[in-house]
Amino acid sequence: MMNKNRFTPRTLHLTPNHVARATRPVEDFAYPSAFTRATDEDYATLVEQLMAERPEGPLHIFAYGSLIWKPTFEPVTKRRAVARGWHRQFCMLIRGHRGTPEAPGLMMALMSGGRCVGLALEVAAGTERQVLEDLCRRELPFVETLADHRWLQLDTVEGPIRGLVFWAGPTGPNIRRSFPLPLAAAQMARACGPRGSTAEYLHNTVRSLEEHGIRDRNLWTLQRLVAEEINTMPLGQVQRVEPSAASQPPVMPVN
């Protein structure tokens, strides 16, 4: 188990009231995409590959975002872990899930550079295949996204381990590399889809990081900027932000 925090979590600028203002009912819809849905056979093949690649000893999953506050399994232990050479960034343009074609959202991934503090989630022995299948189905919905996983070295107080992470170093026309935080905040404040708002995802992530004693400077700034953007929006009115790449096919992570 993790050590208890030695400090009191800070109060977010992005409050549940902001999240409520940014969240609205959106009926599910099928957005035209050139991507191909992964099949049961695709997932079976990927799970076999991951089982063959996994390091000796317990299987660890590196949680840096939604897996912290919405995991697909109950871990044996949660260890504070550092992935060096990576950092969190809301960089994946989405027109479904937590966004729409009219108001696209941004989802989070790991991008190269810096360091990322998260949690190494240990998988119970004997459940590895089921855990991997559930994670792959959640995180990698398309054939074109099946390769978006990596084994990273993670530093923990008990020594280095290797853990599996999803969405590290994504590439493609829908990736907003080094997207300025004010522009990201303006887009995220207005994005909501069938699965909820981007503001809700950001709030849950930063709140959970704080509860675990993990402080991400960029995300802390981003949640303040998103709150400020929501404050400028008239109640009940959704303002659209049209990105320059509006004609490009969507990237739709499921986390």
Side-chain angles (χ1 to χ4, degrees), residues 2-3 5-7 9-10 12 14 50 54-55 58-73 75 77-94 98 105-123 135-136 138-140 145 147-172 175-181 184-185 188 198 201-226 251 253-255:
M2 293 186 60
N3 292 330
N5 299 335
R6 295 183 179 181
F7 60 91
R10 296 172 293 185
L12 274 66
L14 185 63
L50 294 174
R54 58 173 288 201
L59 172 63
H60 290 92
I61 307 298
F62 183 56
Y64 62 90
S66 63
L67 282 178
I68 296 178
W69 50 269
K70 191 179 179 182
T72 60
F73 65 99
T77 61
K78 301 177 182 180
R79 295 182 178 88
R80 183 184 179 95
V82 181
R84 302 191 185 278
W86 300 92
H87 68 278
R88 296 177 183 84
Q89 185 183 342
F90 278 86
C91 59
M92 304 174 69
L93 187 70
I94 54 170
R98 291 182 181 269
L106 290 170
M107 292 300 288
M108 193 168 61
L110 290 186
M111 300 298 280
S112 60
R115 65 194 289 271
C116 177
V117 183
L119 301 180
L121 308 181
E122 181 179 332
V123 178
L135 284 170
C136 290
R138 164 175 156 167
E139 300 288 338
L140 309 173
T145 64
D148 287 317
H149 62 273
R150 291 175 184 255
W151 294 96
L152 298 182
Q153 176 166 308
L154 306 172
D155 294 337
T156 74
V157 294
E158 299 174 1
I161 59 175
R162 290 188 68 80
L164 179 66
V165 65
F166 295 93
W167 295 101
T171 59
I175 302 303
R176 299 297 182 258
R177 188 180 299 275
S178 302
F179 201 41
L181 291 182
M188 293 170 65
T198 307
Y201 181 97
L202 175 62
H203 176 270
N204 288 343
T205 299
V206 180
R207 174 182 53 79
S208 296
L209 292 176
E210 281 291 308
E211 290 174 353
H212 286 92
I214 300 171
R215 295 188 165 173
D216 186 300
R217 181 176 59 185
N218 285 341
L219 261 60
W220 187 260
T221 300
L222 185 59
Q223 61 86 28
R224 175 179 58 80
L225 293 174
V226 170
V251 171
V254 210
N255 57 350

_Measuring only between side-chain heavy atoms, which start at C-beta, is Leu181 closer than 4.5 Å to Phe90?_
no
*Heavy-atom pair with the smallest gap, counting every atom of Met92 and Ala109*: SD-CB, 3.6 Å
*asked:* Within this structure, what is the CZ-CE distance for the pair Phe179 and Met188, rounded to the nearest 0.5 Å?
replied: 10.5 Å
*Find the distance between CG (Asp216) and SG (Cys116) and round it off to the nearest 0.5 Å.*
7.0 Å
*Gly113 to His87 - nearest heavy-atom pair and separation*: O-ND1, 2.8 Å
*Taking the side chain as every heavy atom from C-beta outward, state whether Leu67 and Phe62 have any pair of such atoms under 4.5 Å apart.*
no
_Could you check whether any side-chain heavy atom of Gln89 comes within less than 4.5 Å of a side-chain heavy atom of Asn218, counting everything from C-beta outward?_
no
*Indicate the atoms forming the closest heavy-atom contact of Arg54 with Pro58, along with that distance.*
NH2-C, 4.0 Å
*With Arg162, which residues qualify under salt bridge (Lys or Arg N to Asp or Glu O under 4.0 Å), at least two apart?*
none
_Straight-line distance of Leu209 CG to Ile68 CD1, nearest 0.5 Å_ = 4.5 Å
*Are Ser66 and Arg138 side-chain neighbours, meaning at least one heavy-atom pair lies under 4.5 Å?*
yes
*Beyond-backbone contact of Met108 with Leu219, side-chain heavy atoms, under 4.5 angstrom*: yes
*Report the distance from atom CG of Leu12 to atom NE2 of His203, rounding to the nearest 0.5 Å.*
5.5 Å
_Check: Leu14 and Leu202 side chains under 4.5 Å, non-hydrogen atoms_ = yes
*Does a side-chain heavy-atom distance below 4.5 Å link Thr198 with Val226?*
no
*How far does OG1 of Thr205 sit from CD of Gln223, to the nearest 0.5 angstrom?*
11.5 Å
_By side-chain contact (heavy atoms from CB on, under 4.5 Å) - contacts of Arg177 (at least two apart)_ = Met111, Ser112
*asked:* Determine whether a donor-acceptor pair (N or O, by modelled atom type, separation under 3.5 Å) exists between the side chain of Arg80 and the backbone of Gly213.
replied: yes
*Is a side-chain donor or acceptor of Arg88 paired with a backbone partner of Tyr64 at a separation under 3.5 angstrom?*
yes
*Minimum heavy-atom separation for Ala83 to Leu154, with atom names?*
CB-CD2, 3.9 Å
_Considering all heavy atoms, the nearest Ile161-Ala120 contact_ = CD1-CB, 3.8 Å
*Is there side-chain contact between His149 and Leu135, with at least one heavy-atom pair below 4.5 Å?*
no
*Please report the C-alpha distance between Met107 and Trp167 in whole Å, then the side-chain angles of each, then the deciding distance to 0.1 Å, and finally whether the side chain to side chain contact (heavy atoms under 4.5 Å, CB included) criterion is met.*
CA-CA 10 Å; Met107 292 300 288; Trp167 295 101; over 6 Å; no
*asked:* How close do Leu110 and Val165 get, counting heavy atoms only, and between which atoms?
replied: CD1-CG2, 3.8 Å
_Residues in ring pair (Phe, Tyr, Trp, His ring centres under 6.0 Å) contact with Trp69, at least two apart in sequence or another chain_ = Tyr201
*May I ask you to decide if Thr145's main-chain N or O and Glu139's side chain share a donor-acceptor pair within less than 3.5 Å?*
no
*Give the intermediate values and the outcome of side chain to side chain contact (heavy atoms under 4.5 Å, CB included) for residues Asp148 and Leu140.*
CA-CA 7 Å; Asp148 287 317; Leu140 309 173; 4.0 Å; yes
*Do you know which of His60, Glu158, Glu122 makes side chain to side chain donor-acceptor pair (under 3.5 Å) with Thr77?*
Glu122
*Could you walk me through whether Phe73 and Leu121 pass the side chain to side chain contact (heavy atoms under 4.5 Å, CB included) check?*
CA-CA 9 Å; Phe73 65 99; Leu121 308 181; 3.8 Å; yes
